[in-house]
Amino acid sequence: MRTTPTATVSRHPMSPVQRAAALAALLLPIAFTGFPATALAASLERIEPPHWFLGYENRSLQLMLHGEDLAAMTPSVDAPGIRIDRVETGDSPNYLFVYLDLGPEAAPGSFTLTLEGDGATLSHDYELRRKNPDPAHARGFSGKDTIYLITPDRFVNGDPGNDNDPALGDPVDRNDLCGRHGGDLAGIARSLDYIDDLGFTAIWLNPVLENRMPVCSYHGYSTTDFYAADPRYGTIDDYVALAESARGRGIGLIMDMIVNHIGTGHWWMDDLPTRDWLNFPELRPITTHVHATTFDENGSAYDRQAFNDGWFVDTMPDLNQRNPLLADYLTQNALWWIETLGLAGIRMDTHPYPDKHYMTEWSERVMLEYPEFNIVGEEWHSSPAFVSYWQRGKQNHDGYLSHMPSMMDFPVQEAMRIALTAEEPDWGSSWNSLYEMLAHDFLYPAPQDLVVFPDNHDMNRIFTQVGEDEDLWRMAMILAATLRGTPQIYYGTEILMANRASGDHGLIRSDFPGGWAGDARNAFTGEGMSDAELEAQAFVRRLLNWRKTASVVHEGSFMQFVPIGEIYAYFRYDDRDTVMVILNKHSAPIELPMTRFAERLRGATRARDVLGEREVRLDAPVALSPRSVLLLEIDH
């Protein structure tokens with residue numbers, strides 16, 4: 001150990017939680033590929049984060065410095081209120097981790113970070129900005145919102161000039177399902193009026209950070225630079241402009257974030273900071289994808305590590321969040337993007353795969369700094385016991401504590417698909433799968449905070465799932481819009497986009513018609529679209545714009561009734577308003593007696609059919625059309 005008047009050099013200090021979590025890493029040997037040979041002259045090539053914000057509860061700031069021979073340099077700072085708390089070195093000679101304490105006297109502006117060693121002096125002017133004090137700057141999405149999920153490369157090509165970047169490879173080829181097609185941030189910005197007109201109040205973008213991968217880079221899930229937008233989508237300034245323009249229309253921006261893995265094209269891969277920065281960098285074992293190992297009381301440590309530390313795929317190196325330097329880096333990156341963009345939320349990809357103790361620390365820090373924020377995690381499993389394990393407030397059998405406010409409701413999505421497509425059974429109802437799944441809401445600490453969806457970018461489109469049946473598609477839209485939770489709709493769902501059941505992700509993420517110059521069909525103008533597609537678009541527009549003002553659907557209680565035959569009914573209600581939803585899968589007209597719903601109707605005799613814009617009498621059996629859905633506002 002060496003010390004200076006301004007810094008203390010130490011070796012990866014760990015919190016008790018991190019130390020306990022790190023024990024799993026000792027169970028299997030970690031192979032290591034080695035580091036580059038030491039260079040002769042020091043240089044500062046990169047500093048991350050590129051700037052920071054004053055005003056966080058936690059005043060510590062980690063600066064990751066990368067350049068030749070930086071580990072041998074001694075840093076110093078001469079600025080009011082800014083003190084070097086400690087300095088960390090890794091195993092590579094080319095990294096220096098400088099931890100600053102930003103005291104109350106620190107002021108916005110630039111200060112100089114100086115590095116000295118072996119007769120050489122390097123300096124860098126580092127900028128501090130004031131964190132936006134307005135809670136609305138990063139207010140999270142809620143049940144009031146409806147989220148439009150967009151795969152940016154496949155939505156709208158607003159700037160053909162950025163389609164290709166020779167330095168990044170993977171050129172545009174719209175005939176290649178796994179290739180880049182040219183959609184970008186400019187295209188999304190140009191489409192905000194369309195998105196707003198449909199009734200959406202939030203946008204979730206699949207990742208748009210740099211993906212320097214040789215093929216199939218369009219999906220964005222192989223990050224190669226955590227602080228750079230992929231230039232084929234645009235610049236960080238374009239990203240900020242999109243967020244601000246959307247916010248001006250009342251539309252929040254949700255960022256798709258990944259802390260579990262990176263892409264093999266990440267600049268770290270040429271010079272890993274530490275030997276344990278990645279899990280098994282040489283062996284590249286693929287994860288078992290067995291989610292239950294994370295909380296199985298009877299499971300083995302070997303199997304837990306095989307799930308958590310295995311690589312998602314061979315081109316996605318698995319990050320070791322038990323390394324405290326990496327943990328701090330990833331957490332700061334999330335805070336930087338929240339503040340830079342004024343995000344309305346983060347969707348955390350592959351939530352169960354990273355170290356779960358780190359995910360507790362990550363989510364706790366994010367919610368500490370942004371109490372009005374929201375985060376939704378992806379736990380792709382059909383069991384609510386699995387999904388509820390990760391939600392904030394859950395009292396888990398193993399004592400695990402999460403701070404994630406929301407989770408994607410994959411169990412309801414699967415139950416919805418089964419219920420919509422099942423044939424009428426000899427006994428009971430085809431709706432039972434959905435009814436019984438929602439009966440499991442007692443497992444969640446806050447089922448009203450889940451995100452409900454008919455499909456997403458990783459599964460067959462809902463119109464394909466229901467066999468391209470327009471009646472069943474309409475039922476799926478009503479369910480997503482009116483069940484408890486926040487609805488999310490995938491781009492193109494509003495115009496019946498399908499993928500002919502192939503399951504190919506490139507086909508699922510097809511180009512949005514009208515997003516490219518010369519498209520024969522245009523969903524923005526209606527040119528070349530079929531009557532069915534335009535009717536579906538109008539249906540979604542009417543439904544979601546009604547939902548915008550339906551506070552009872554945003555925050556009201558949920559009550560469902562046992563399905564009888566092919567009819568399923570439920571209510572959303574509060575002290576003032578009541579909405580009733582009736583879904584009928586019978587292929588013939590039917591009269592539905594209303595007496596069994598008396599506890600929620602509370603003597604009401606009239607209702608308004610929201611979508612049909614007509615009055616419905618409730619003091620007599622309600623006539624239901626074949627394979628139809630009624631969305632009723634009860635007149636008390």
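- When only modelled atom types and interatomic distance are considered, Tyr218 and Asp230 share no side-chain donor-acceptor pair under 3.5 Å.
- Rounded to the nearest 0.5 angstrom, Arg600 CZ and Phe571 CZ are separated by 7.5 Å.
- No side-chain donor-acceptor contact under 3.5 Å links Ser628 to the backbone of Leu624.
- A side-chain contact (heavy atoms from CB on, under 4.5 Å) with Leu205 is found for exactly one of Ile254, Leu149, Leu242, namely Leu242.
- Side-chain contact between Val562 and Arg596: present, with at least one pair of heavy atoms (C-beta onward) separated by less than 4.5 Å.
- Side-chain contact check for His351 versus Met348: some heavy-atom pair is nearer than 4.5 Å.
- Residue Lys144 places its NZ atom among 12 or fewer non-hydrogen atoms of other residues, nucleotides or ligands, all under 6.0 Å distant.
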| task | Give the intermediate values and the outcome of salt bridge (charged side-chain N to carboxylate O under 4.0 Å, His left out) for residues Arg180 and Asp173. | result | CA-CA 6 Å; Arg180 298 191 79 95; Asp173 181 358; over 6 Å; no
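- Under the 4.0 Å criterion applied to side-chain N and carboxylate O atoms, Arg509 and Asp458 are assigned as salt-bridge partners.
- Taking the six-membered ring where the residue is Trp, the centroids of His381 and Phe410 are separated by 6.0 Å or more.
- Looking at Ser388 and Lys394, their side chains do bring a donor and an acceptor atom within 3.5 Å of each other.
- No more than 12 heavy atoms of other residues, nucleotides or ligands shown are found within 6.0 angstrom of CD on Gln395.
- When each of Phe597, Tyr435, Trp431, Tyr570 is checked for a ring pair (Phe, Tyr, Trp, His ring centres under 6.0 Å) with Phe561, only Phe597 meets the rule.
- Counting only N and O atoms by type, the side chains of His181 and Asp153 include no donor and acceptor under 3.5 Å apart.
- Heavy-atom neighbours of Arg500 CZ from other residues, nucleotides or ligands within 6.0 Å: at or below the threshold of 12.
- In this structure, a donor-acceptor pair under 3.5 Å is absent between the side chains of Asp145 and Thr486.
- The number of heavy-atom neighbours closer than 6.0 Å to CD of Glu423, taken from other residues, nucleotides and ligands shown, is 12 or below.
- Under 3.5 Å, the side chains of Asn206 and Thr151 contain a donor-acceptor pair of N or O atoms.
- Within the 4.5 Å cutoff, no side-chain heavy atoms of Met257 are placed close to those of Asp349.
- Met367 has its side chain out of reach of Asn374: every pair of non-hydrogen atoms, C-beta onward, lies at least 4.5 Å apart.
- The main-chain N or O of Val616 is never found under 3.5 Å from a side-chain atom of Arg608 such that the two would form a donor-acceptor pair.
- No donor-acceptor contact under 3.5 angstrom links the side chains of Tyr148 and Gln488, judged on distance only.
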| From CA spacing to verdict: salt bridge (charged side-chain N to carboxylate O under 4.0 Å, His left out), Asp176, Arg174 | CA-CA 5 Å; Asp176 182 358; Arg174 290 186 70 190; over 6 Å; no
| message | Quick one, Leu438 with Phe558, criterion side chain to side chain contact (heavy atoms under 4.5 Å, CB included). Give me CA distance, side-chain angles, the key distance, then yes/no. | response | CA-CA 10 Å; Leu438 288 162; Phe558 173 75; 3.9 Å; yes
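- Looking at heavy atoms from C-beta onward, Asn432 lies in side-chain contact with Pro563 at the 4.5 angstrom threshold.
- In this structure a side-chain-to-backbone donor-acceptor pair under 3.5 Å is missing from Thr146 to Thr201.
- Under the side chain to side chain donor-acceptor pair (under 3.5 Å) criterion, Asp619 pairs with Arg617, sequence neighbours left out.
- Using a distance-only test at 3.5 Å, with no hydrogens or angles considered, no donor-acceptor pair links the side chain of Asn460 to the main chain of Gln465.
- Side-chain N or O atoms of His586 include one that pairs as donor or acceptor with a backbone N or O of Glu566 at under 3.5 Å.
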| field | Test log, rule ring pair (Phe, Tyr, Trp, His ring centres under 6.0 Å), inputs His289 and Phe312 | value | CA-CA 8 Å; His289 297 289; Phe312 201 78; 5.1 Å; yes
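- When only modelled atom types and interatomic distance are considered, Asp511 and Trp516 share no side-chain donor-acceptor pair under 3.5 Å.
- If you check the side chains of Glu468 and Trp473, you find no donor sitting under 3.5 Å from an acceptor.
- Checking Tyr221 against Asn211 by side-chain atom types alone, no donor-acceptor pair falls below 3.5 Å.
- The backbone N or O of Leu483 sits less than 3.5 Å from a side-chain atom of Arg572, completing a donor-acceptor pair.
- Side-chain contact between Pro152 and Asp184: absent, with no pair of heavy atoms (C-beta onward) separated by less than 4.5 Å.
- No side-chain donor-acceptor contact under 3.5 Å links Glu379 and Tyr353.
- Looking only at atom types and distance, the side chain of Arg417 has no donor-acceptor partner in the side chain of Thr421 under 3.5 Å away.
- No more than 12 heavy atoms of other residues, nucleotides or ligands shown are found within 6.0 angstrom of CG on Asp575.
- Of the possible donor and acceptor atoms, none in the side chain of Thr493 sits under 3.5 Å from a partner among the backbone N and O of Ile489.
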| field | Test salt bridge (charged side-chain N to carboxylate O under 4.0 Å, His left out) applied to Asp441 and Arg484, step by step | value | CA-CA 10 Å; Asp441 272 3; Arg484 83 290 181 270; 2.9 Å; yes
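- At distances below 3.5 Å, not a single donor-acceptor pair connects side-chain atoms of Arg347 with backbone N or O atoms of Asp256.
- In this structure, Met437 and Ala415 approach most closely via the heavy-atom pair CB-CB, 3.7 Å.
- Put simply, the side chain of Arg602 never gets that close to the backbone of His636: no donor and acceptor are under 3.5 Å apart.
- Other residues, nucleotides and ligands contribute more than 12 heavy atoms inside 6.0 Å of the CD atom of Glu424.
- With contacts defined as side-chain heavy-atom distances shorter than 4.5 Å, the pair Met408/Asn456 does not qualify.
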| request: Just do the salt bridge (charged side-chain N to carboxylate O under 4.0 Å, His left out) check on Arg249 and Asp196 with the steps written out, would you? | output: CA-CA 7 Å; Arg249 290 170 167 81; Asp196 185 23; 5.1 Å; no
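- Checked for salt-bridge contact, Asp469 and Lys585 miss the test: no charged N lies under 4.0 Å from a carboxylate O.
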| field | Evaluation steps, ring pair (Phe, Tyr, Trp, His ring centres under 6.0 Å), between Trp390 and Tyr400 | value | CA-CA 9 Å; Trp390 304 104; Tyr400 180 71; 5.5 Å; yes
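- When atom types are taken as modelled, the side chain of His397 and the backbone of Phe295 share a donor-acceptor pair closer than 3.5 angstrom.
- The shortest distance between side-chain heavy atoms of Leu434 and Tyr568 falls below 4.5 Å.
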